[in-house]
Each structure stands twice: as structure tokens, then as C-alpha cells.
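Chain A is the first sequence line, chain B the second, and so forth, proteins listed ahead of strands; every chain is numbered from 1. Keep in mind that this is a model prediction, so the values were computed, not measured.
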2 protein chains.
Amino acid sequence: MIQPRPRTIPEATVARLAVYLRVLTSFADGGRTTVSSGELASAAGVNPAGLRKDLSHLGSCGVRGVGYEVRALRERIARVLGAERSRACVLVGIGNLGTALADYAGFGSRGFRFTGLFDAAPERIGQRIGGLAVQPMAELEETVAGTAVAIGVIATPAEVAQQVCDRLCAAGVRSILNFAPVTLTPPPGVDVRQVDLSVELQVLAFLGQQRAVPAGEVSA
Amino acid sequence: MIQPRPRTIPEATVARLAVYLRVLTSFADGGRTTVSSGELASAAGVNPAGLRKDLSHLGSCGVRGVGYEVRALRERIARVLGAERSRACVLVGIGNLGTALADYAGFGSRGFRFTGLFDAAPERIGQRIGGLAVQPMAELEETVAGTAVAIGVIATPAEVAQQVCDRLCAAGVRSILNFAPVTLTPPPGVDVRQVDLSVELQVLAFLGQQRAVPAGEVSA
DNA sequence: GCGACTTTGTTCCTGCGTTCACAAGCGGTT
DNA sequence: AACCGCTTGTGAACGCAGGAACAAAGTCGC
């Protein structure tokens with residue numbers, strides 16, 4: 001079974017594929033059977049040509065003159081992204097944000113399930129969130145090894161995020177999503193994605209102030 | 001006051017400047033007075049040359065042979081990003097995620113303060129979070145106009161996010177941070193930044209599966 | 001006072017991502 | 001059966017970000 005197409009999909013494309021998947025699911029729920037690249041691109045907020053190029057990375061199966069069949073395209077993207085199989089995740093740090101993440105129904109519908117919630121505070125141990133009981137940190141390694149955890153999510157205070165990262169990596173986790181406002185330095189071979197809410201706000205604020213004062217009064 | 005340097009800073013650089021700001025604050029708290037580009041880059045997880053190029057965008061004032069003065073550089077970045085003045089934000093959707101955002105102390109220390117929390121559910125009205133009472137949606141426009149809101153944050157269910165966006169924009173908000181898993185279509189002149197937690201997880205999962213099967217068995 | 005070392009700021013270059021534009025292909029129609 | 005309009009897929013050009021290498025500049029040691 002030869003793969004004539006290049007098997008390296010750019011990361012930016014992968015992120016957009018996830019968006020297309022969401023839009024396609026919404027279209028399928030709405031009863032649509034086919035979509036053109038223009039409609040899909042508009043719904044996803046991207047350029048039509050870029051969307052077609054993204055889809056071409058997975059050997060696209062659109063029909064010229066008609067468009068794409070919604071269900072077939074959705075299945076294909078889901079297969080490429082690996083979204084058809086369920087992936088086990090653990091969440092460390094059950095504060096406000098952690099609780100929100102553990103309760104978020106959107107993860108389950110996209111193939112992610114938490115198999116462990118961990119916190120260092122004794123008063124949180126045993127608390128049930130989204131059908132799962134919060135466990136003490138001491139049980140982290142055992143759970144990771146026992147449930148073949150694919151992704152670790154860090155929602156702890158910044159001070160302990162690095163050592164949590166170290167423990168997760170040592171336990172075998174190779175993908176980490178970090179919400180703590182620190183730059184993690186993972187061991188080689190581990191992917192880390194950083195979501196920093198303050199950075200997002202600051203970029204927005206900068207763009208806004210740049211728009212307000214296009215003359216550029218930085219007054220350095 | 002002429003600005004000889006180009007006043008357009010790339011968006012990717014702006015995002016990294018926010019990270020440098022955080023690292024510099026941490027260094028300043030630790031008592032450091034000077035840093036080299038190498039140290040700073042390592043702490044921020046970027047390439048030293050890229051860091052120097054980023055800093056050159058704001059007419060850098062490092063000292064050759066020594067490095068950068070921590071406090072001065074921090075002040076300069078803060079001034080360029082506009083992080084020295086406090087910006088008013090409103091938050092719509094006080095579910096689990098909204099509560100976490102309203103309670104997040106990191107915003108306040110970076111120049112963002114919420115001046116209004118809004119929700120459609122009657123049972124949430126009046127609830128106090130982080131020193132602020134949740135208000136009904138009907139009061140949204142009044143608060144936005146009255147407190148010169150710079151940024152609107154949407155943490156509602158996906159179904160109502162677009163109409164919340166429309167109301168925010170109509171009320172005068174020109175920057176929106178959206179956590180709902182939908183692609184918003186804002187009116188012209190409004191910046192929207194999307195934070196989709198499921199997309200982050202799916203990108204991580206894809207990278208992980210690609211790493212696990214480098215032969216590329218997509219089996220399309 | 002002078003030389004050597006360190007570190008910044010800049011320039012070049014390579015590669016990637018994005019956009020535009022066009023040829024190929026399919027369905028519907030006459 | 002042939003034509004026409006519509007849409008996909010791809011090739012090329014453009015712009016941008018990232019990385020490496022080098023010159024300028026300042027400090028420390030002698």
C-alpha cells in the first residue's frame with residue numbers, strides 16, 4: 001500500500017483541518033449532503049484556495065462541478081487526524097480552570113476522554129467532576145501507565161508546572177497541553193503546546209491600540 | 001518626534017514580546033539586573049537570534065558585551081504593548097470556563113480588569129465572582145458604553161456566540177477573544193482571536209500519532 | 001592605553017505558508 | 001451526443017518568518 005502523496009502535513013494545515021471537521025459536523029447535523037469549497041471556507045473563516053490546498057494534502061475526493069460530500073469528507077478528515085479513536089488524557093491541577101476543562105463536554109465528542117484528575121490540595125481529593133474523582137498526585141504515575149495516556153493537560157499554578165511536566169514525561173506522556181503561564185522545557189521527543197490567555201489578551205490589546213493610533217506614537 | 005523605524009510589528013513578534021515580558025518580570029522579581037539574549041531566549045523557549053530580531057523592532061537598547069538591563073527592557077516592552085495602562089474587559093458567559101476566567105488573577109497583574117460579567121441564566125445573576133456581580137444580558141450595552149470596554153471575552157455555548165459577538169460589536173467593542181468552538185464572522189474593523197481547546201488537543205494528538213507511526217500509514 | 005573577549009544589531013538566505021490564477025473534469029441541458 | 005457552466009486541484013509567484021553568519025561596539029584585563 002504505497003502512499004504517493006507526501007505524508008508530512010504542515011502544522012498550520014492540521015489546525016485548520018480540526019476546524020473543518022467541526023464545521024462539517026455542524027453541516028452534517030443540519031442535513032447538508034454536499035458543500036463547495038467556497039461555502040466551507042466562508043464558514044471556517046479561511047480562503048477558498050487555501051482550503052482546497054489543505055484538503056489536497058489528504059488526497060482529496062471532491063467532485064468537480066459539485067463540491068465535497070459532507071459525510072465522506074468528514075470521515076476522511078477524522079481518520080487522518082485520528083479523531084475516530086478515543087484518546088486518554090490526564091488533567092493536573094483542578095482549580096477553576098481545571099474544573100472547567102474536566103467538565104467541558106466538547107472534549108468527549110471529539111475523541112478525548114479524561115482518565116485521571118489530579119491535584120495537590122488534600123481538600124480537593126475525592127471531589128467528583130464530570131464523573132471522575134480527583135486523585136492525589138501520588139497516583140499520577142500509576143494512572144498514566146495503566147490507562148495508556150496520550151496527552152497530559154497542565155492547569156496548575158505556574159510555580160509547579162515545570163515539575164508536573166517532568167513527572168508526566170517521566171511517566172511516559174509524550175504530548176502536553178499547558179495552560180500555566182510559563183514556558184515549559186520538555187525532554188526531547190515530547191510535544192508541548194502552550195495556551196496563554198494573557199498573551200492572547202495582550203496581542204488583542206496591541207492590535208487595538210495600533211488601530212486606534214495608526215500614526216505610531218510609541219513615544220519610545 | 002520622528003519614528004525612523006518601521007512601526008509595523010509582526011503579529012508573531014507581538015505574541016513573543018508578551019512572553020518576554022512575563023519572563024523579564026520573573027527575572028526582575030528574582031533580583032536579576034541584566035540578561036543576555038541567550039539566557040532570555042532559553043527561558044522563553046525561542047532562538048537567540050530571533051529574540052534579538054524581535055527586540056530590534058522596538059529600537060532595542062541593549063548594551064553590547066553586557067546584555068539587556070532587565071527593568072529597562074521590561075518597561076520598554078510594556079510600553080510598546082500598552083501593558084502599562086489598565087484595560088477594561090467584559091466577559092459574557094459565566095459557566096465553568098467563564099468563572100475560571102473571571103477568577104484568574106493573572107489578568108489583573110498584566111493590565112486587564114473585568115468591568116462586567118454577563119450571563120443569560122437568571123440563577124447566575126447576582127452571583128459574585130472575583131469581586132464582581134454577574135449581570136443580566138440586558139445591561140451589556142450600557143456597561144460597554146459606560147466603562148470604555150476595550151476587549152470582549154466570549155465564553156458562552158457555541159450556539160449563542162455569534163449573536164453575543166454581534167451585540168458586543170454593535171455596542172462598540174473592537175477586539176474579541178472567543179472561547180466558543182465556532183468561527184465568528186465579525187463586522188469589518190473588529191479583531192477576533194479564537195482559542196479552541198479541542199483544536200489544540202487534536203493537533204497534539206495528530207503530532208503524537210505521526211510520531212508513533214512515522215511510516216505514514218494513513219490507510220486512506 | 002591597548003588588546004582581546006563578549007554580546008548586540010543587522011544582513012543574507014533558505015524554507016514555509018498563503019494567495020492568485022488557470023487547466024482539467026464533471027453534471028446538466030439542449 | 002455535444003456544449004456550457006461550475007467547481008476542484010495544482011502550478012507559480014509573492015510575502016513572511018526563522019536561522020545562521022558577520023560586523024559594530026562596549027567592557028574587562030593587563
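B:D54 and B:T13 are linked by a side-chain donor-acceptor pair at a separation below 3.5 angstrom, with hydrogens and angles left out of the test. Residues B:Q209 and A:R87 bring a donor and an acceptor atom of their side chains to less than 3.5 Å of each other. Counted by atom type alone, B:S175 and B:D191 present zero donor-acceptor pairs between their side chains at under 3.5 Å.
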Inset, instruction - At under 4.0 Å between heavy atoms, which parts of nucleotides 5-13 of chain D does protein reach? Answer with one letter per nucleotide, 5' to 3': B base, S sugar-phosphate only, - none. - result: -BBBBSBB-
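More than 12 heavy-atom neighbours from other residues, nucleotides or ligands sit within 6.0 angstrom of CZ on A:R193.
In this entry the distance linking CD of B:E69 with C1' of D:dG26 reads 16 Å, nearest Å. Atom C1' of nucleotide D:dG19 and atom CG of B:D54 are separated by 13 Å, given to the nearest angstrom. When the C1' atom of C:dG15 is taken as reference, atom CG of B:N47 falls 15 Å away, rounded to whole Å. As a whole-Å value, the separation of B:L51 CG from D:dA20 C1' is 16 Å. To the nearest angstrom, P of C:dT18 lies 14 Å from CD1 of A:I9. Going from atom CD of A:E11 over to atom P of C:dC16 covers 13 Å, rounded to whole Å.
With contacts defined as side-chain heavy-atom distances shorter than 4.5 Å, the pair A:V92/A:M137 qualifies.
Residues A:G98 and A:L91 share a closest heavy-atom pair of O-CD2, 3.3 Å.
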